[in-house]
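Single-structure report; data block below.
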There are 2 protein chains.
Amino acid sequence: MEKEEFYKNLQLKGYRLTQRRQEIIDYLFTFPNRYIAAREIIEYLQSKHATLSFETVYRNLHTLRDEGLLVELQFGTEAHYRIPCTIAHHHHFVCLACGRTYALLSCPMSTIKDFPEGFEILYHRFEIFGLCADCQKAEQPTLVNALISNQVDANLSKRE
Amino acid sequence: MEKEEFYKNLQLKGYRLTQRRQEIIDYLFTFPNRYIAAREIIEYLQSKHATLSFETVYRNLHTLRDEGLLVELQFGTEAHYRIPCTIAHHHHFVCLACGRTYALLSCPMSTIKDFPEGFEILYHRFEIFGLCADCQKAEQPTLVNALISNQVDANLSKRE
DNA sequence: AAACTAATCATAATCATTACGATCTAATTC
DNA sequence: GAATTAGATCGTAATGATTATGATTAGTTT
């Protein structure tokens with residue numbers, strides 16, 4: 001979706017195109033195929049407007065997410081956001097350092113046969129986390145937290 | 001792993017079997033195949049010992065997780081823990097209301113072919129969240145948070 | 001039983017996020 | 001194009017989950 005179309009969708013849904021809201025959207029549009037942490041957006045906007053309230057950023061991100069105009073992904077200790085992909089349902093490789101994503105067209109749900117009886121599926125998640133080629137060269141400190149808080153998966157695969 | 005074996009492993013690794021630690025482990029052992037929120041463990045231990053420090057519970061959960069003796073899973077707004085499965089690497093259906101899990105033996109990693117060039121995989125996660133047959137009858141309030149904070153996935157599948 | 005060091009408690013701080021009431025501003029109407 | 005009016009923002013404070021620290025307690029070893 002292009003930026004102008006994004007604005008229009010927002011207004012069709014009855015939301016105003018405010019200065020802050022537009023700045024948030026514009027910022028996300030400058031990073032195609034990347035998840036950006038809420039904190040990063042706050043830092044950016046605060047550098048432009050010293051009076052920015054956190055609440056404004058969080059409220060907007062949640063509104064846009066609830067309307068399906070943004071995609072949210074939790075990793076490390078923070079929520080991350082991005083402009084949605086335009087292609088059909090799929091999953092991602094996600095770089096823990098820069099948030100860049102790489103599409104993975106296959107969805108594991110299609111191959112599953114052993115569903116527990118009577119279980120109502122509400123949603124699923126499948127992500128492959130790691131380091132993109134660029135970030136392997138220059139490891140960033142943000143990586144550490146994300147790794148530690150997900151050590152579980154590392155341990156699980158060790159036991160295999 | 002049986003409880004006695006768990007204790008022994010802990011001591012072999014040089015950790016003491018303290019009262020609090022044992023109570024945490026025992027509590028988790030009373031819920032086979034279920035993820036328990038750190039908060040639930042704290043509430044339980046506080047009801048037994050008014051002087052309990054949060055830190056004690058969090059520290060123990062992290063220590064045990066780091067040693068591979070517990071498995072951690074983040075969903076909703078909280079970290080959840082469980083005694084590890086004894087079978088090889090696999091994934092789960094997870095009930096959002098009670099935390100009960102159902103094994104899913106296939107792992108999507110085995111079928112993936114389109115890896116982005118130079119991407120270093122550190123870990124992956126794949127979970128199917130929903131409501132088990134029991135919890136569908138009596139929906140719990142805890143469910144709401146977990147759902148809201150993962151609305152992204154619901155939206156993604158809508159767009160499909 | 002004394003000694004040693006890990007583990008706990010008590011207390012406070014941190015980080016990410018959410019809440020609330022007063023003020024402002026984008027869109028609509030006159 | 002000024003007045004109107006919700007919707008959005010700011011300012012401030014609070015919350016929930018988790019982490020930090022230093023004094024005290026308690027498993028384990030000698």
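The figures here come from the full heavy-atom set of this structure, side chains too, leaving out hydrogens, waters and symmetry mates. A quick note: this is a predicted structure, and the numbers were derived from the prediction, not measured.
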Under a 4.0 Å heavy-atom criterion, the protein footprint on nucleotides 24-30 of chain D, written with B, S and -, is --BBS--
So NE2 of A/His92 and CD of A/Glu127: to nearest 0.5 Å the spacing works out to 9.0 Å
Item to complete: Assign the ring pair B/Phe126 / A/His124 to parallel, tilted or perpendicular, where the plane angle (0 to 90°) is split at 30° and 60°.
Response: perpendicular
- Side chains of B/Pro108 and B/His91: closer than 4.5 Å at any heavy-atom pair? yes
Min and max contacting nt of DNA chain C in 5' to 3' order, chain A heavy atoms within under 4.0 angstrom, are C/dA16 to C/dA27
Kindly say whether B/Arg16 contributes a backbone atom to a donor-acceptor pair with the side chain of B/Arg21 at under 3.5 angstrom? yes
Taken to the nearest whole Å, CG/A/Leu64 to C1'/D/dG7 is 14 Å
- Beyond-backbone contact of B/Ile83 with B/Phe6, side-chain heavy atoms, under 4.5 angstrom: yes
From CD1 of B/Ile41 across to P of D/dT18 the rounded distance in Å is 10 Å
>> Between B/Gln22 (side chain only) and B/Leu17 (backbone N and O only), is there a donor and an acceptor less than 3.5 Å apart?
In response: no
Result for side chain to side chain contact (heavy atoms under 4.5 Å, CB included) between B/Ile25 and one of B/Asn60, B/Leu70, B/Leu64 points to B/Leu64
Under a 4.0 Å heavy-atom criterion, the protein footprint on nucleotides 10-17 of chain D, written with B, S and -, is BBB----S
Given side chains that start at C-beta, do those of B/Ile36 and B/Tyr44 come closer than 4.5 Å, heavy atoms only?
no
Inset, instruction - Flag the pair A/Glu23 and A/Arg20 as a salt bridge only when some basic side-chain nitrogen lies within less than 4.0 angstrom of an acidic carboxylate oxygen. - result: yes
Rounded to whole Å, the NE2-C1' distance (B/His62 to D/dT19) equals 9 Å
message = Please verify the inter-ring angle class for A/Phe119 with B/Tyr102; under 30° counts as parallel, over 60° as perpendicular, anything in between as tilted.
response = perpendicular
